[in-house]
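Quick notes on the structure that follows.
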2 protein chains.
Amino acid sequence: MASNNHRHHHRASTALASDACIARLSLYVRELARLGTQRISYVSSRRLAEPLGLTDAQIRRDLSQFGQFGTSGRGYEVQRLHDRLTTILGVSDRTWNVALAGVGNLGAALLAYRGFRERGFLFRAIVDADPSKVGRVIQGLTVGSAQHLPELVKQHKIHIGVIAVPVESAQAVCDQLVASGVRAIVNFAPIHLEVPSTVWVRAMDLAIELESLAFYLARTA
Amino acid sequence: MASNNHRHHHRASTALASDACIARLSLYVRELARLGTQRISYVSSRRLAEPLGLTDAQIRRDLSQFGQFGTSGRGYEVQRLHDRLTTILGVSDRTWNVALAGVGNLGAALLAYRGFRERGFLFRAIVDADPSKVGRVIQGLTVGSAQHLPELVKQHKIHIGVIAVPVESAQAVCDQLVASGVRAIVNFAPIHLEVPSTVWVRAMDLAIELESLAFYLARTA
DNA sequence: CACTGTGAATGCATTCACAGCG
DNA sequence: CGCTGTGAATGCATTCACAGTG
């Protein structure tokens, strides 16, 4: 989130790149895909950086953490770099199963968004605590009861849980997801979720973004 | 945006706190409000930090940039600190006028979310490029034509623009907002918006969050 | 010659650790 | 004694600048 994402995980393994760097890799993939559709075959770090509002040095530094992908004097081969980065990000050939908890307005919006499917993120199970919503079919998926979340997670081999429930039940839903084996969560509820250090959480908190803007506006009005 | 939010603004004025710090101030306000409803009148930096997943030192450091609010041996008076921070954030006594461009699923979800109104962010104008949507009433607001965005911005004295349109038209809508005098924008489209350095942009990019999670899952599977 | 990849320098944010206060 | 506020230390991310390469 913005940037907003805390990292207090203590992993022994290999030194991972920073959150910010990983987020930028996604940006590079997007821009490379766009360049690909324009039949552009080579791109320099400078040209890749410009439309993203970044610097050439930053791109080279980010990429250098994962290997050497460029050619001196020529730049990067668009298709090749795209493929390498999607592999690094784990979105090249495989798909990820996503569960959605909370089918309110926001949940429905997430289900309707095409971008996820294109990148290999597939909603496999959706649940809601409201009995009147259970059984409804949205985007081809039947809304399940919140009680069945654990078994749905196992049944569909869910990798990522998306929490779009009211703040009061967010931690409980999170606990259920974690207990069922989910190790990655996107949280839209305005609360810090307590999870074991083996679980990754990303917070999407729009109210915080608005308040940040209010701060800057109030100072420069 | 997430941290994801880049900052490449060159402001002469007083040294502003970092984006991350401002975002945390919002978290403090939230937690203080919660403590207030529990009739807790004093809180130490440690007790404030814990439920937010932060450290006591960080809270004291953040607050110290804006003044001295605590009492040695006692901690912070909940109500007083809450009031001071909302004032600093610019959300204490005033309201902010928000315009929404793009009334799709996401836009509708944003309109329906109560949290914004509570914090003083009021949707005043909504527009969509789809003629079949123009004239519809959502949450008490009539959908206007996208062409009328500039005059609506002026008419309603819009402070903040929210872009929830397809990626193809995001930059154009952004340009319209900026030309109409909007100096703060929340962008949900997966593209880097080009704006003058006097305008603040926050990116909300869910696809990037999901890909970051995929990266970590792929490494620790 | 145009560009990459990377040591070195810089700049920031976070953490430590403690003097000083109520 | 418990806690704040803050210099000092640390740790990271970004930027600089350039040797090396196709």
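Quick note on labels: first sequence line is chain A, next is B, and so on, each numbered from 1.
- Only one option out of A:R80, A:Q79, A:R74, A:R47 pairs with A:Y42 in a side chain to side chain contact (heavy atoms under 4.5 Å, CB included); it is A:R74.
- When rounded to the nearest whole Å, the span between CZ of B:R47 and P of D:dG2 equals 12 Å.
- As a whole-Å value, the separation of A:F69 CZ from C:dT4 P is 13 Å.
- Atom C1' of nucleotide C:dT4 and atom CG of A:D62 are separated by 14 Å, given to the nearest angstrom.
- Listed candidates were D:dA13, D:dT6, D:dT14. Nearest to the side chain of A:R24 is D:dT14.
- Rounded to whole Å, the distance from CD on A:Q65 to P on D:dC12 is 13 Å.
- Taking atom CZ of residue A:R46 and atom P of nucleotide C:dG5, one finds them 16 Å apart after rounding to whole Å.
- The CG atom of A:L81 sits 11 Å away from the P atom of C:dT4 (whole-angstrom rounding).
- For C:dT6, one of the phosphate oxygens OP1 or OP2 lies less than 4.0 angstrom from a side-chain nitrogen or oxygen of A:Q68.
- Comparing D:dT15, D:dT6, D:dT14 by their closest approach to the side chain of A:T55 singles out D:dT15.
- Each of A:R61 and B:R61 has a nearest nucleotide on DNA chain D; the 5'-most of these lies closest to B:R61.
- Side-chain contact annotation: B:R84 with B:S92, donor-acceptor N/O pair under 3.5 Å absent.
- Remark: A:Y76 is in phosphate contact with C:dG5, judged by side-chain N or O atoms under 4.0 Å from OP1 or OP2.
- Taking both residues in full, the closest heavy atoms of B:M204 and A:M204 are given as CE-CE, 4.1 Å, listed atom of the first, atom of the second, then distance.
- A side-chain donor-acceptor contact under 3.5 Å links A:D175 and A:Q171.
- The nearest whole Å value for the distance from the CG atom in B:D56 to the C1' atom in C:dT14 is 12 Å.
- Between B:R30 and A:D205 a salt bridge is recorded (basic side-chain N to carboxylate O distance below 4.0 Å).
- Where A:R60 and A:T71 meet DNA chain D, the nucleotide closest to each residue was compared, and A:R60 sits on the side nearer the 5' end.
- At D:dG20, none of the side-chain N or O atoms of A:S72 fall inside 4.0 Å of OP1 or OP2 (strictly under the cut-off).
- Taking atom CZ on A:R80 and atom C1' on C:dT4, their separation rounds to 13 Å, with Å as the unit.
- Each of A:S64 and A:R74 lies near DNA chain C, and the nucleotide nearest A:R74 is the one positioned closer to the 5' end.
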